[in-house]
**Q** 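Quick one: structure below, then a few questions.
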Amino acid sequence: MSALDDHDMRGWADCFADEASYVCTTRENEEQGLAVALMMDDTRERIEDRINSVTNVWAGTFEDYSTRHVVQRLSCVQRLPQVFVVKSNFIVAYTTARGKSEMLAAGCYHDEITITGERPRFQSKRAVLDSVITPRYLVYPV
Amino acid sequence: MIVEDAAPLVRWPERFNEVPKEVFHREDVYQLELERIFRGPEWHMLAHVAEIPKRGDYKTTYIGEMPVLLVRGDDDQIRVFANACAHRGVQLATCSRGHVEHFECPYHRWTFSIRGDLMGAPGIKDFSAQFRREDFGLRPLRTSQVHGIVFATSSVDAVPLEEHLKDTTDYIAKALGGDGNLQFIGHQKATFACNWKEYSDSDGYHGPLLHTAHRLMKWPVAKGVQFMTERAHKVTSIDLTHVPKGGTLNDNSIIETHEEGLMPHNTVISIFPLYIIVRNNDTINLRYAFPRSVHETEVHFAYFARATDPPEMVTHRVRQASNLQGPSGFVALEDGAVFNRQHIGSYTAGTVAFQKGYAGTAMHAPVHLQKDDEAGNLIRWEHYREAMGFARA
């Protein structure tokens with residue numbers, strides 16, 4: 001969370017296992033059985049490409065905003081000795097250059113976390129937004 | 001009593017390539033647009049038949065600010081209705097998409113069939129003497145389809161859809177992959193803090209200057225056409241070359257064309273007033289849009305696969321749709337920033353001027369344009385000016 005709120009994309013990517021998946025979609029698409037998402041980084045290559053998009057390709061083209069993720073864990077189930085399935089609620093506030101804070105999205109994370117050595121990392125992270133309609137665009141992952 | 005002529009709502013600039021900034025934020029102009037354009041003789045793109053494939057499937061959306069309901073009847077016909085109970089006008093369907101046996105209004109329990117007929121109303125024996133059940137079906141709108149894309153209008157004066165879309169339909173087929181035989185794979189929705197005309201001026205057109213992504217990928221753009229139709233629609237179709245590996249992306253598949261026997265292309269049909277059909281590589285995308293107010297525009301991006309696609313092709317299209325276009329898309333994201341900033345800038349005095357592709361001082365713009373020209377928008381603005389009845393200074 002602190003990596004995301006600091007816009008530290010490398011730090012965000014390092015929270016994922018070597019082969020991992022990040023998907024950000026809406027509850028509407030999920031409930032209707034529709035596979036299209038807002039972001040679909042289902043391979044390490046895609047995760048690396050997202051870092052590059054945010055930090056290089058889009059740099060200077062978008063109106064920047066800062067975020068604050070507030071996350072509340074709902075459940076944590078140990079599925080294998082080194083694998084945990086975690087469900088959490090999130091609310092993300094965003095603030096633009098104008099200085100006004102508003103809600104960017106609310107939703108639920110469905111995560112699979114593996115522990116390698118001492119270090120927990122996301123094997124897969126699914127951010128499912130209740131917010132079907134986002135204000136303009138999502139630059140940073142949620 | 002002497003009544004003086006009211007001052008004209010907007011005095012349009014003398015120069016053909018200029019548009020007054022006030023039309024982007026004036027509430028009185030917006031109210032007139034709802035009447036003359038959104039309830040006027042235009043057709044509005046609402047859905048593809050693949051979004052409601054089964055009998056009883058429905059979709060809700062908007063024409064301007066008017067809520068509408070599309071439903072596939074038990075005769076497989078798709079009808080479009082005002083999304084309001086025929087009794088006291090309560091919004092009837094609230095989900096964006098769903099399936100019903102019939103529609104029931106929660107207020108007085110009037111029920112309507114999926115063909116829009118009034119089936120029952122409790123207390124019917126106490127109704128007024130003039131009440132006839134057949135007068136109280138859901139209010140239908142004129143509807144017509146092109147390659148499975150459903151259009152509707154609340155105007156009796158709109159020309160037939162085929163005439164309205166003249167010269168675009170071959171390109172629409174090209175964008176969809178030949179015909180309308182599609183399957184729906186999902187949507188993305190965003191709202192932009194801009195006037196709908198700022199959205200329609202920019203989405204579907206904005207020179208590649210904006211798209212750093214193209215530049216970094218060393219994506220050489222080959223030849224293309226851009227032209228305007230008589231009804232102020234814009235068609236752009238550009239042949240793409242295959243993107244060389246080793247560019248900026250580790251995973252090139254989101255910008256590759258896998259469809260067999262197909263040369264990659266980017267084909268965009270912008271339909272007046274603000275609807276867009278986009279084909280980019282293997283992404284098939286319809287963009288429905290509607291104003292929420294003079295200051296806000298909502299855009300729904302709907303994505304499709306071909307109905308005949310094998311599963312791996314569907315997966316490829318899903319991945320591309322989820323990463324390339326749309327509000328967080330690799331080559332589209334920064335659009336939103338421009339929309340919002342255009343709207344803020346519209347509160348400065350004067351006019352905006354279109355330059356590229358507009359030569360000299362003519363009172364018309366060329367119909368055939370270079371692929372990156374912006375002058376085509378002037379034909380759309382001329383259509384807008386006439387529809388709104390704004391005289392030139």
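We name chains A, B, ... by the order of the sequence lines, and we start the count at 1 in each one.
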**Q** Below 4.5 Å, heavy atoms only, C-beta onward: do B/R97 and A/L34 meet side chain to side chain?
**A**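 In short, these two side chains touch, coming nearer than 4.5 Å.
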
**Q** Minimum heavy-atom separation for B/S322 and A/A35, please, with both atom names.
**A** OG-O, 4.5 Å

**Q** Just wondering, more than 12 heavy atoms not from A/R73 lying within 6.0 Å of its CZ?
**A**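 Atom CZ in A/R73 is not crowded, with 12 or fewer foreign heavy atoms closer than 6.0 Å.
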
**Q** Less than 4.5 Å apart, side chain to side chain, heavy atoms only: is that true for A/D41 and B/N323?
**A**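 A side-chain contact exists here, since the closest heavy-atom pair is under 4.5 Å.
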
**Q** How close do B/E298 and A/I133 get, heavy atom to heavy atom, and via which atoms?
**A** OE2-CD1, 3.2 Å

**Q** Please determine, among A/E48, A/E28, A/R44, the option with the most heavy-atom pairs under 4.5 Å with chain B.
**A**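 Highest number of pairs under 4.5 Å: A/E28.
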
**Q** Considering only heavy atoms from C-beta outward, does the side chain of A/V36 approach that of B/H187 to under 4.5 Å?
**A** no

**Q** At their closest point, which heavy atom of A/D49 faces which heavy atom of B/N250, and how far apart are they?
**A** OD1-N, 2.7 Å

**Q** When rounded to the nearest 0.5 angstrom, what is the spacing between CG in B/N340 and CZ in A/R98?
**A** 11.0 Å

**Q** Within a 6.0 Å radius of atom CD on B/E101, are there more than 12 heavy atoms belonging to other residues, nucleotides or ligands?
**A**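 Check fails, neighbour count at 12 or below.
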
**Q** At their closest point, which heavy atom of B/D251 faces which heavy atom of A/R46, and how far apart are they?
**A** OD2-CG, 3.5 Å

**Q** Is it true that, when you exclude B/R292 itself, more than 12 heavy atoms of the residues, nucleotides or ligands shown sit nearer than 6.0 Å to its CZ?
**A**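 Yes.
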
**Q** For B/F184, is it the side chain, the backbone, both, or neither that has a heavy atom closer than 4.5 Å to a heavy atom of chain A?
**A** both

**Q** For A/L4, does the CG atom sit with more than 12 other heavy atoms under 6.0 Å from it, leaving out its own atoms?
**A**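 It does: A/L4 CG has more than 12 such atoms within range.
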
**Q** So for A/R50, is it side chain, backbone, both, or neither that comes closer than 4.5 Å to the heavy atoms of chain B?
**A**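 For A/R50, the contact with chain B is made by the side chain alone.
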
**Q** Supply the atom-to-atom distance A/T25 OG1 to B/Q188 CD, rounded to the nearest 0.5 angstrom.
**A** 8.5 Å

